[in-house]
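Structure first, then comments.
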Amino acid sequence: MIHENIKEGIKEAMKAKDSVRLETLRGVATALTNELVAKGKTPQDMIGDEDAIAVITRLAKQRRDSISQFKAGGREDLVAEEEAQLSILEAFL
């Protein structure tokens, strides 16, 4: 299950002290929890893979939009960070 893989990925990122991966996966976990609550379930429930993919796709689109805006604004430092997060998200898609 994608939701379980993300929770496991958070633990691994903490052990590896990989801050970009940790921040990205925590954001995904939060988005998945918000989706559960929006559907009237408890935050402790696990979201199905189909819904998880929809949430991750939405997050990836947000990253792509941010990348294009940061490039237009000449903020290459932020572009690199968003691209790193996008590659982590795409690994789940």
Legend entry - In one Ile/Leu/Val/Met/Phe/Trp/Tyr side-chain cluster, 4.5 Å: Leu93, Leu86: no
Inset, instruction - Can you measure from CG (Asn5) to CD1 (Ile10) and round to the nearest 0.5 angstrom? - result: 11.5 Å
Legend entry - Atom pair CD1/CZ of Ile56 and Arg58 - distance to nearest 0.5 Å: 10.5 Å
Legend entry - Heavy-atom neighbours of Glu50 CD exceed 12 at 6.0 Å: no
Legend entry - Close side-chain approach of Leu36 to His3, heavy-atom, < 4.5 Å: yes
Legend entry - Residues forming a side-chain hydrogen bond (donor to acceptor under 3.5 Å, both in side chains) with Lys61, sequence neighbours excluded: Asp65
Inset, instruction - Evaluate the side-chain proximity of Glu81 to Val20: yes if any heavy-atom separation is below 4.5 Å, no if none is. - result: no
Legend entry - Non-hydrogen side-chain atoms of Ile88 and Val28 separated by less than 4.5 Å: no
Legend entry - Considering all heavy atoms, the nearest Pro43-Val37 contact: CG-CG2, 3.9 Å
Inset, instruction - List in chain and number order the residues that pass salt bridge (Lys or Arg N to Asp or Glu O under 4.0 Å) with Glu12, two or more places apart in sequence or in another chain; answer none if no residue qualifies. - result: none
Inset, instruction - Tell me, please, which residues at least two apart from Glu23 pass side-chain hydrogen bond (donor to acceptor under 3.5 Å, both in side chains). - result: Gln85
Inset, instruction - Please check if Ile6 and Ile53 belong to a single hydrophobic cluster, counting links between Ile, Leu, Val, Met, Phe, Trp and Tyr side chain heavy atoms closer than 4.5 Å. - result: yes
Legend entry - Val55 vs Phe92 side-chain heavy atoms within contact, under 4.5 Å: no
Legend entry - All side-chain hydrogen bond (donor to acceptor under 3.5 Å, both in side chains) counterparts of Thr42, not counting sequence neighbours: Asp45
Inset, instruction - Determine yes or no for a side-chain-to-main-chain donor-acceptor pair under 3.5 angstrom, with Asp18 supplying the side chain and Ala13 the backbone. - result: no
Legend entry - Interatomic distance, Leu32 atom CG to Lys7 atom NZ [nearest 0.5 angstrom]: 9.0 Å
Legend entry - Gap separating the CZ atom of Arg75 from the CD atom of Gln69, nearest 0.5 angstrom: 13.0 Å
Inset, instruction - With rounding to the nearest 0.5 Å, note down the distance linking CG in Leu78 to CD in Glu83. - result: 11.0 Å
Inset, instruction - Go through the structure and list residues passing side-chain hydrogen bond (donor to acceptor under 3.5 Å, both in side chains) with Arg64, not counting sequence neighbours. - result: Glu90
Inset, instruction - Check whether any side-chain heavy atom of Glu82 lies under 4.5 Å from a side-chain heavy atom of Lys71, and answer yes or no. - result: no
Inset, instruction - With sequence neighbours left out, write down each residue that passes salt bridge (Lys or Arg N to Asp or Glu O under 4.0 Å) with Arg21, or none if nothing qualifies. - result: none
